[in-house]
Amino acid sequence: MKKLSSFVAFALLCAMFTACSNLKVNPPAAEPSGTTADKPSAGAASGESGKNKNDAANIEALEEAMEIEKYNAYVQLNNYMTGRLEQVLTRYFEKLGDGEQPIIGKHFSFTMLSVSANDKSALNKQFGYADKTPAFPTVDPAVVKLKPVMNELVAILSEAHDYYETKGYVDDNFAKSKELHTKIVKAADGYYAASGEFLKAMASMGAERRQESLKKYQDNDQQLRYSALKFLMDAQALSAEMEEQGVTAKNILDLDMGKFKAKYDVLVEDLTNLTQLSQDAMRAKKEGLRSDLVEDYVDEAKEVKVAASEIIERVNKKSAVDEFDLSNSFFLENRNGTPEKFKKTLRDAIQEYNRLK
């Protein structure tokens with residue numbers, strides 16, 4: 001089955017935290033209406049100096065807002081690629097395979113996931129940021145390369161969805177199924193080749209921004225925000241450890257528990273700190289966070305910790321994952337003690353983190 005490589009799968013999770021800002025921008029002051037011959041008084045000159053400072057601050061704020069807007073658009077693109085689009089492809093290749101011909105069983109039945117009209121509209125908007133300022137030198141060129149191959153893939157997947165939704169294969173004895181399969185395999189090859197550069201660039205940019213955010217939160221005594229972000233970063237480190245060991249549900253019993261447990265213990269400490277801080281309503285208010293959203297995030301963080309604990313339990317009991325479960329990504333993401341379930345809970349926690357304002 002086709003899928004993102006292990007390295008890219010790790011990189012994509014690194015890039016999934018959206019930038020947050022409480023930025024409020026005042027509109028720049030209008031240009032003076034007098035001619036160049038007009039001579040301002042001393043008082044006016046002083047006022048003009050103050051206005052210039054305000055204008056400079058507003059321009060800086062606008063530039064920052066534009067940067068955050070563009071970065072968030074790329075994060076949304078990243079998230080769609082590693083979320084819904086990957087689910088569509090995984091479901092397709094699990095059912096029909098990735099060989100030259102589709103796998104068609106005697107009692108064939110297939111519910112294909114769709115790419116919605118809203119998804120397509122959002123993708124067009126996100127791709128459009130490649131030409132906007134400020135420039136992201138390492139990401140913009142990757143977006144330009146990605147756009148045509150991803151648009152081609154989305155178009156073919158949409159056509160295939162319509163075909164399987166209406167059971168077109170009943171009418172043509174799978175003739176178009178074979179034609180679409182060839183196109184999907186080819187388009188997916190091109191997409192996976194182009195996606196790596198973008199995801200790696202976003203991973204690098206995301207890592208830098210998270211370190212900057214941690215420092216900012218420390219400097220501003222935003223302990224709850226710091227703790228929330230640190231938990232995700234350390235959960236990501238735990239996921240990376242499994243990636244580096246090459247451990248999946250299939251070979252979970254090969255996990256080096258010493259290395260895993262060292263990072264797991266850090267995560268447990270993170271959760272303790274996060275939980276304690278989240279119970280202080282005044283702190284949440286001070287940091288401009290909604291208590292209900294903080295609570296939702298902490299609940300998801302607990303699920304991440306539980307998923308990690310279940311891996312330890314499975315390995316300690318030497319309980320291999322059933323062969324039946326190994327054949328289906330849905331089962332893997334919902335079986336206790338699998339790296340796949342851990343990653344799913346981490347994605348869910350990231351989504352809740354991104355709702356914090």
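- The structure places CG of Leu346 at 12.5 Å from CD of Glu303, a figure rounded to the nearest 0.5 Å.
- The salt bridge (charged side-chain N to carboxylate O under 4.0 Å, His left out) test with Lys263 is passed by exactly one of Glu241, Glu269, Glu244: Glu241.
- Judged by distance alone, the side chains of Tyr74 and Asp140 do bring a donor and an acceptor atom under 3.5 Å apart.
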For this session: Kindly indicate, with the supporting measurements, whether the criterion side-chain contact (heavy atoms from CB on, under 4.5 Å) is fulfilled by Phe93 and Leu89.
Result: CA-CA 6 Å; Phe93 288 125; Leu89 290 169; 4.0 Å; yes
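- The backbone N or O of Gln222 lies less than 3.5 Å from no partner atom in the side chain of Asn220, so there is not a single donor-acceptor pair.
- There is a side-chain donor-acceptor pair under 3.5 Å between Asp221 and Gln223.
- Separating the CZ atom in Phe127 from the CG atom in Asn151 is a distance of 5.5 Å, to the nearest 0.5 Å.
- No side-chain N or O of Asn118 forms a donor-acceptor pair with one of Ser121 less than 3.5 Å apart.
- Defined by atom type and a distance below 3.5 Å, a donor-acceptor pair is missing between the side-chain atoms of Lys341 and Asn334.
- The structure places CZ of Phe260 at 5.0 Å from CE of Met242, a figure rounded to the nearest 0.5 Å.
- Other members of the hydrophobic cluster containing Phe330, listed by chain and number, are Phe324, Phe331; membership follows side-chain contacts under 4.5 Å among ILVMFWY residues, whether direct or relayed.
- Between the side chains of Tyr264 and Lys305, at least one donor N or O lies within less than 3.5 Å of an accepting N or O.
- Of the options Lys344, Gln87, Arg347, a side-chain hydrogen bond (donor to acceptor under 3.5 Å, both in side chains) to Glu333 is made by Arg347 and by none of the others.
- The existence of a salt bridge linking Glu310 and Arg314 is excluded, since no basic side-chain nitrogen approaches an acidic carboxylate oxygen closer than 4.0 Å.
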Exercise. Should Ser278 and Glu295 be marked as a side-chain contact (heavy atoms from CB on, under 4.5 Å) after you check the CA-CA gap, both sets of side-chain angles, and the distance that decides it?
Worked result: CA-CA 7 Å; Ser278 70; Glu295 183 178 351; over 6 Å; no
For this session: Walk me through it: do Arg335 and Thr338 pass the test side-chain contact (heavy atoms from CB on, under 4.5 Å)?
Result: CA-CA 6 Å; Arg335 288 293 181 264; Thr338 65; 4.0 Å; yes
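- With His181 as reference, Tyr92 is the one residue of Phe110, Tyr92, Tyr169 to meet the ring-ring contact (aromatic ring centres under 6.0 Å, His included) rule.
- Counted by atom type alone, Ser177 and Tyr164 present one or more donor-acceptor pairs between their side chains at under 3.5 Å.
- The distance between the ring centers of Phe174 and Phe108 falls below 6.0 angstrom.
- Side-chain contact between Tyr129 and Tyr71 is absent, with no heavy atoms from C-beta onward closer than 4.5 Å.
- When all heavy atoms of Ala142 and Glu197 are compared, the pair lying nearest together is CB-CG, 3.8 Å.
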